[in-house]
Amino acid sequence: MRQTLVAGNWKMNGSLEANHQLLKSILEGVEAGVNAKVVVCPSTVYLAQAAETLTGSDVSWGGQNLSPEKSGAFTGEVSADMLLNLKCQYVIVGHSERRALFGESDEVVAEKYAAALAAGLIPILCVGELLEEREAGETETVVARQLDAILEKSGVEALSAGVVAYEPVWAIGTGKTASPQQAQDVHAFIRQRVSEKSASVAEKLQILYGGSVKPDNAVELFAMSDIDGGLIGGASLDAAGFLAICRAG
Ligand code: 13P
């Protein structure tokens, strides 16, 4: 039985004041009781604030990105060890915004995934197709290519220590959610592809759905057999809404 995982990707939002309130409210809500494992991913500069507020609680935190490099002359970058220093447990890898806006190739994403794992972080690998790829019937080809980059570089065992998030790009921030069945079909495909390498890794792999998850669609999505939780963008910035999503699992 896989535990439901709900992670909030705050993207480039927040401030010390706003985060203080948001973290406090999420903490109180989780302490009041949720079944899902809850993770928040604030901007890097606020990870220390998250650590200060959440240490010792059931809420974990993570980065939104990391460098594949260990250290050195890489201005503006953040290493896996730095995230660990701030007691991150998770890190998002290969988000579609990183792929599209910052030119991250499948190979770079695979290097980042490997760097996260080597440091002992739990990578949340994002995969997903563009609208034109879906319309061209290429969803499975694209998702398979993104997944295979990890399998080829790090092997299937690397997925036993990570999480996959299926985020169709056309559903991110658009208010257009994949239907539960559309998402389930791709999640089942991902699990099937992993099971070709290892049935036991596939069975245990948490596969999250991301893309316009809201309190009013989370229950239906999370009820699908291969959807093990969500990676939440916009709705994770509102404590009441995020907690409602956490309770949907
Ligand atoms: P939205 O929930 O705002 O669509 O964003 C999803 C996402 O990109 C999470 O990583």
Side-chain angles (χ1 to χ4, degrees), residues 4-14 18-19 22 26 36-44 46-47 50 59-66 83 88-102 104 109 112-113 116 121-131 133-134 139 142-143 146-147 150 162-180 182-183 186-187 190 206-222 224 227-249:
T4 300
L5 171 65
V6 179
N9 174 7
W10 293 7
K11 308 193 180 183
M12 197 173 73
N13 294 295
N19 298 351
L22 185 53
I26 291 171
K37 169 75 194 159
V38 178
V39 179
V40 292
C41 298
S43 160
T44 312
Y46 298 125
L47 285 169
V59 182
S60 296
W61 58 99
Q64 297 175 9
N65 180 34
L66 82 164
L83 294 177
C88 289
Q89 224 183 315
Y90 291 82
V91 63
I92 298 170
V93 174
H95 190 279
S96 65
E97 287 149 20
R98 302 286 328 162
R99 293 178 190 259
L101 304 173
F102 302 96
E104 290 188 11
V109 172
K112 290 185 172 200
Y113 190 99
L121 290 163
I122 302 171
I124 302 176
L125 170 73
C126 298
V127 298
E129 81 288 2
L130 305 170
L131 182 59
E133 291 167 335
R134 171 162 286 265
T139 299
V142 171
V143 168
Q146 293 169 335
L147 202 57
I150 307 301
V163 174
V164 172
Y166 168 57
E167 298 208 310
V169 180
W170 48 271
I172 295 178
T174 58
K176 219 196 229 181
T177 326
S179 70
Q182 273 177 322
V186 182
H187 283 230
I190 292 169
Q206 286 169 310
I207 308 177
L208 315 182
Y209 169 77
S212 298
V213 178
K214 306 280 180 241
D216 62 3
N217 59 27
V219 172
E220 258 194 315
L221 284 161
F222 296 174
M224 303 308 283
I227 300 183
D228 307 311
L231 182 55
I232 321 300
S236 71
L237 298 171
D238 168 64
F242 183 63
L243 286 164
I245 295 169
C246 295
R247 284 191 290 266

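Indexing begins at 1, ligand by ligand and atom by atom, following the structure's order. Basis for what follows: all heavy atoms, side chains included, without hydrogens, waters or symmetry-related copies. A quick note: this is a predicted structure, and the numbers were derived from the prediction, not measured.
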Can you sort out which atoms of ligand 1 are near [X], meaning under 4.0 Å from one of its heavy atoms?
X	result
G234	1 (P), 2 (O), 3 (O)
G173	1 (P), 3 (O), 4 (O)
H95	7 (C), 8 (O), 9 (C), 10 (O)
G211	4 (O), 6 (C)

How about [X] and [Y]: do any of their side-chain heavy atoms sit closer than 4.5 Å?
X	Y	result
V109	R99	yes
C88	L121	yes
R98	I92	no

Any heavy atom of [X] closer to ligand 1 than 4.0 angstrom?
X	value
K214	no
G210	no
A235	no
A171	yes

Quiz item: Has ligand 1 got any nitrogen or oxygen that is less than 3.5 angstrom from a nitrogen or oxygen of I172?
Solution: no
Quiz item: Would one find an N or O of N9, backbone or side chain, under 3.5 Å from an N or O of ligand 1?
Solution: yes
Quiz item: Atom CD of Q89 and atom NZ of K37: how far apart are they, to the nearest 0.5 Å?
Solution: 5.5 Å
Quiz item: Between I227 and Y166, does a side-chain contact (heavy atoms from CB on, under 4.5 Å) hold up when you go through it step by step?
Solution: CA-CA 9 Å; I227 300 183; Y166 168 57; over 6 Å; no
Self-check item: Residue pairs passing the salt bridge (charged side-chain N to carboxylate O under 4.0 Å, His left out) test where at least one lies in residues 231-249, sequence neighbours excluded
Solution: none
Quiz prompt | Evaluation steps, side-chain contact (heavy atoms from CB on, under 4.5 Å), between H187 and M224 | solution = CA-CA 9 Å; H187 283 230; M224 303 308 283; over 6 Å; no
Quiz item: Got the closest protein heavy atom to atom 2 (O) of ligand 1, with its distance?
Solution: G233 N, 2.9 Å
Quiz item: Which residue from Q64, E167, K176, K11 reaches closest to atom 5 (O) of ligand 1 through any of its heavy atoms?
Solution: K11
Practice problem: Compare G8, G230, S212 and give the one whose heavy atom is closest to atom 1 (P) of ligand 1. | Solution: S212
Quiz item: When P42 is tested against each of N13, L47, L22 for side-chain contact (heavy atoms from CB on, under 4.5 Å), which residue passes?
Solution: L47
Practice problem: Look at atom CD of E220 and say whether more than 12 heavy atoms of other residues, nucleotides or ligands are closer to it than 6.0 Å. | Solution: no
